[in-house]
Amino acid sequence: MNERLTLKRCQELLRRREVSARDLTQHFLRRIERLEPSVHSFLEWDAADALAQAETADRALADGATHQKQPLLGIPVAIKDNIAVKGQPLRCASRILGDFRSPYDATVVERLRQAGAILLGRLNMDEFAMGSSTENSAFGPTRNPWDLDRTPGGSSGGSAAAVAAEEVPAALGSDTGGSIRQPAAFCGCVGLKPTYGRVSRYGLVAFASSLDQIGPLTATVEDAALLLGVIAGHDPRDATSLPDPALDPDLEGEPGLRGIRLGLPREYFGSGLAPEVEQAVHSAIRHLEGLGAEIREVSLPHTPYALATYYVIATAEASANLARFDGIRYGLRVDGQDPIELYKRTRGRGFGPEVKRRIILGTFVLSSGYYDAYYLRAQKVRTLIRNDFLDAFRRVDLLVTPVTPTPAFRLGEKVSDPLQMYLSDVFTLSCNLAGICGISVPCGFTESPRLPIGLQLLGPPLGEATLLRVAHAYQQTTNWHKERSPLALA
Ligand code: GLN
């Protein structure tokens, strides 16, 4: 099997009985075994368990089960290490969880199982999803399949790299400030951050609960739509899950975009944007215009405050969420003379430096005397940022922007400079603050070295159908997403 196996292609091959679920699973397991020493996308996988799931799928297929009812039947997918799978390790790429195993399945995992998917393994990430390069993993970094000296982005770097290395046709990641879209851009795949509340967070280890969403990383927009369709939907176990997130993208029609208004936010095209990224994004915009879309300039005036706002809110929520890792309830325990010493030793040993930095920052902005000045003010600015978007979406259907200011950077390049690292998310984190949806699709390459460049489309709350339709129209009429990484072809 030398062709690219997208989810759609896997469906087709299974339907025509050209392969079995076992063949597919073995194919991907072989690739994982061969490529992991170079790429390190996975934290763990269980070949025997995957093959047992494949056998069940093959029996169901033989009994006449179809992809209409179970769209992922017999198709392997992998998930980020912050999503709970019953009986499997759940570590968030941290030492603090020790050998903890999850006692239950996340809702998205239940839905994957109901759809017939084969769960292939757990993917590397920045510790607790804090980072933009997967270098904050306690278990070593993942490498970019386009250039092994570069990062795949983060925090869902393992998910993006696994898809780009074709170790798996699709993966789930999580996005709090860009962690699906940024690695998708760096690795030349498609990454979708759903509207806040579209996908249940039950069983996702919380980083910043008001910003976190689970979403797909895939090779094509069609596959992203398929996977989103499987995982989305109301869940009574997540109080922030939306009541009626019906999703029905029409991807069957012509790629014409007449009647679609696309906004270019002036604040996203300023200084700091690498020239090759700017050129690729501008030619993608001209392409969309050529398909009939109307292009308008818009303004999101509070954009300059987004980064600071995000790092106040995200760290505040993280400091509260991570208080539960205390050496008493889960995972690692380093004993001490008294409980306070036990906490200190466990947390001192268990968390990496970036997680500690964020807990300290978050505790500070929530502390009495500073709460009003930082946390409360950030919440007010967050409302202004959301209103900017809602105003813009009165004039346009979607916004078009770069995903990242630069292509994938080198491993080690930004580890000692947190601000530089944080800046790689300037274009993605406003979407989380506003609770809207966004997608990253490949739109070109830098010349030397040859690295993927991403285009970001942002849509209003529950605007995924339009987002997917426009992104799909772009892919129907371009070939960037068909390019395969050197590691995929190795
Ligand atoms: N890179 C951003 C951060 O470090 C976003 C991470 C994410 O989306 N999980 O917070």
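Whatever order the structure lists ligands and atoms in, that order sets their numbers, starting from 1.
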Which atoms of ligand 1 are found less than 4.0 Å from any heavy atom of Ser155?
9 (N)
Counting from 1 in the order shown, the ligand 1 atoms closer than 4.0 Å to a non-hydrogen atom of Tyr311 are 2 (C), 3 (C), 4 (O), 10 (O)
Which atoms of ligand 1 are found less than 4.0 Å from any heavy atom of Phe207?
9 (N), 10 (O)
At a 4.0 Å threshold, what atoms of ligand 1 neighbour a non-hydrogen atom of Ser132?
1 (N)
For Tyr310, which part has a heavy atom under 4.0 Å from ligand 1: side chain, backbone, both, or neither?
side chain
Identify which one of Thr240, Asp235, Thr107 satisfies the side chain to side chain donor-acceptor pair (under 3.5 Å) criterion when paired with Arg201.
Thr240
Counting heavy atoms only, name the option from Ser179, Gly154, Gly173 that's nearest to atom 9 (N) of ligand 1.
Ser179
Cation-aromatic face contact Arg91/Phe139, 6.0 Å, 45 degrees:
yes
Quick check on ring-ring contact (aromatic ring centres under 6.0 Å, His included): which of Tyr311, Tyr374, Tyr371 does Phe364 satisfy it with?
Tyr374
Give the numbers and elements of all ligand 1 atoms closer than 4.0 Å to a heavy atom of Ala129.
6 (C), 7 (C), 9 (N)
Is the centre of the Tyr104 ring less than 6.0 Å from the centre of the Tyr202 ring?
yes
Test item: side-chain donor near acceptor, Thr466 and Asp397, under 3.5 Å:
no
Have a look at Lys80, Glu354, Arg358, Met421 and point out the one with the heavy atom closest to atom 4 (O) of ligand 1.
Arg358
Taking the ring of Phe128 and the ring of Phe325, is the distance between their centroids below 6.0 Å?
yes
Per-atom filter on ligand 1: closer than 4.0 angstrom to a heavy atom of Gly177 are 5 (C), 7 (C), 8 (O)
Please check if the number of heavy atoms outside Tyr305 that lie under 6.0 Å from its OH is greater than 12.
no
Atom 1 (N) of ligand 1: closest protein heavy atom, distance to 0.1 Å, is Asp425 OD2, 2.5 Å
Does the gap between the ring centers of Tyr474 and His481 come in under 6.0 Å?
no
Please determine whether any non-hydrogen atom of Gly178 lies less than 4.0 Å from an atom of ligand 1.
yes
